[in-house]
Peer 1: 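This is the structure I have questions about; it appears just below.
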Amino acid sequence: MTNIAEMKIAAETRLPTKFAEFKLVGFEDPKGKEHVALVLGDVTTAEPVLARVHSECLTGDALYSQRCDCGPQLEAAMAKIADAGRGVIIYLRQEGRGIGLINKIRAYAEQDKGLDTVEANEILGFAPDAREYDIAAGMLEKLGVKSLRLMTNNPKKLEKLAECGVNVVERLPHITEGTPHNEYYLATKSKKFGHML
Ligand SMILES: Nc1nc2c(ncn2[C@@H]2O[C@H](COP(=O)(O)OP(=O)(O)OP(=O)(O)O)[C@@H](O)[C@H]2O)c(=O)[nH]1
Ligand SMILES: [Zn+2]
């Protein structure tokens, strides 16, 4: 577990996007790994903050992969926050549910042979989901966010955030349109991880 008191804001700037002009806040965790938050409006007031806690997915977020729903989920979160005029996206560098990019590519190769997303992780010797949310908790605290209205379908994420002391007052479903390539992936998430899809 990371000591959240050690989370450090390393740099800040404005980030104009097609949705809104966010503040981009760069963090360094105690292991030297870099994470970012996109902030819109004043998120330090008592009113719960519309939020997305997003785990890095290079293939989905940047390369338009249709194997998962990460890219559309990120876009939808940015659009919803822009509409609301206030909110935060915590972008965590825990690629591939925490196993890293190359291992995720290996897991995809196993899935090409017929395994599902959980079995593929297991055959490579990894837990199905190795993610931690203490870094997100530290980032939210440093940003002055007191409570969240969280966009997610993942019950485990809600549980783990609560364990890290994050106050989620409302869950907002965050469902995007499926593709022929992610149908099986989404079905497995719902069956094996309990995602509310
Ligand atoms: N190991 C592995 N990681 C994957 C795979 N597909 C997506 N990921 C990673 O899974 C993470 C996204 O997690 P998801 O379980 O899709 O969704 P979530 O963020 O937990 O839940 P939501 O808030 O409902 O979107 C990202 O880090 C992706 O890189 C896969 O097949 N194998
Ligand atoms: Zn993805």
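First listed ligand is number 1; within each ligand, the first listed atom is number 1. This chain uses plain numbering: 1 for the first residue, then up along the sequence. Just so you know, these numbers use all the heavy atoms, side chains as well, and skip hydrogens, waters and symmetry mates.
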Peer 1: Is the NZ or CZ atom of R67 both under 6.0 Å from the centre of the six-membered ring of Y108 and within 45° of that ring's axis?
Peer 2: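 Yes, R67 lies over the aromatic ring of Y108.
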
Peer 1: Within ligand 1, which atoms have a heavy atom of N154 less than 4.0 Å away?
Peer 2: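 Within the 4.0 Å cut-off of N154, ligand 1 contributes 18 (P), 20 (O), 21 (O), 24 (O).
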
Peer 1: Counting only heavy atoms closer than 4.0 Å, does ligand 1 sit against the backbone of I99, its side chain, both, or neither?
Peer 2: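 The answer is the side chain.
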
Peer 1: Side chains of R97 and T117: do they bring a donor and an acceptor to under 3.5 Å?
Peer 2: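 Side chains of R97 and T117: pair found under 3.5 Å.
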
Peer 1: Counting heavy atoms only, which part of R52 comes closer than 4.0 Å to ligand 1: side chain, backbone, both or neither?
Peer 2: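 It is the side chain that gets close, since no backbone atom is under 4.0 Å.
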
Peer 1: What atoms of ligand 1 come closer than 4.0 angstrom to any heavy atom of T117?
Peer 2: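 The atoms of ligand 1 under 4.0 Å from a heavy atom of T117 are 30 (C), 31 (O), 32 (N).
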
Peer 1: Which of the atoms of ligand 1 are close to N153, meaning less than 4.0 Å from one of its heavy atoms?
Peer 2: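 That gives atoms 22 (P), 23 (O), 24 (O) of ligand 1.
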
Peer 1: Pick one of side chain, backbone, both or neither for how T59 approaches ligand 1, counting any non-hydrogen atom pair under 4.0 Å.
Peer 2: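 It is neither part, as no heavy atom is under 4.0 Å.
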
Peer 1: For ligand 1, which atoms, with element, lie under 4.0 Å from some heavy atom of Q94?
Peer 2: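 It comes down to these atoms of ligand 1: 27 (O).
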
Peer 1: If we set the cut-off at 4.0 Å for heavy atoms, which region of R97 has an atom near ligand 1: side chain, backbone, both, or neither?
Peer 2: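 It is both backbone and side chain that touch ligand 1.
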
Peer 1: We want to know whether T44 and D42 form a side-chain donor-acceptor pair, criterion being a heavy-atom distance below 3.5 angstrom.
Peer 2: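 There is such a pair between these side chains.
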
Peer 1: Between D134 and E132, what is the shortest heavy-atom contact and its length?
Peer 2: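 The pair with the smallest heavy-atom distance is OD1-CB, 3.4 Å.
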
Peer 1: Can you tell whether the side chains of K113 and E110 come within less than 4.0 Å, N to carboxylate O?
Peer 2: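 Looking at E110 together with K113, the answer is yes, because their closest N to O distance falls below 4.0 Å.
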
Peer 1: Mark yes or no for whether N121, through its side chain, and A127, through its backbone, hold a donor-acceptor pair below 3.5 Å.
Peer 2: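 Yes, the answer is positive, given that a donor and an acceptor are paired below the 3.5 Å cut-off.
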
Peer 1: Within the 3.5 Å criterion, strictly below it, is a donor on H174 or K80 matched to an acceptor on the partner's side chain?
Peer 2: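 Yes.
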
Peer 1: Report yes or no: does H54 have a heavy atom closer than 4.0 Å to ligand 1?
Peer 2: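 Under 4.0 Å: no for H54.
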
Peer 1: When you draw lines from the Zn ion (ligand 2) to SG of C57 and to SG of C68, what angle lies between them, to the nearest 10°?
Peer 2: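 So the angle at the metal works out to 120°.
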
Peer 1: Could you check atom 14 (P) of ligand 1 against the protein and tell me its nearest heavy-atom contact, residue, atom and distance included?
Peer 2: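 Going by distance alone, atom 14 (P) of ligand 1 is nearest to K189 NZ, 3.4 Å.
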
Peer 1: Which part of F126 is near ligand 1, with near meaning a heavy atom under 4.0 Å away: side chain, backbone, both or neither?
Peer 2: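 It is neither part, as no heavy atom is under 4.0 Å.
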
Peer 1: Looking only at distances, please establish whether an N/O atom of ligand 1 is found under 3.5 Å from an N/O atom of A107.
Peer 2: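 In fact, backbone or side chain, A107 has no N or O that close.
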
Peer 1: Salt bridge check: are R131 and E95 linked by an N-O gap of less than 4.0 Å?
Peer 2: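 No salt bridge links R131 with E95.
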
Peer 1: For R131 and ligand 1, answer yes if some heavy atom of the residue is under 4.0 Å from a ligand atom, otherwise no.
Peer 2: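 Yes, that is the case, since the closest heavy atom of the residue is under 4.0 Å from the ligand.
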
Peer 1: Contact between ligand 1 and H174 is defined here as a heavy atom of the residue under 4.0 Å from a ligand atom; is it met?
Peer 2: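 H174 does not count as a contact of ligand 1 under the 4.0 Å cut-off.
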
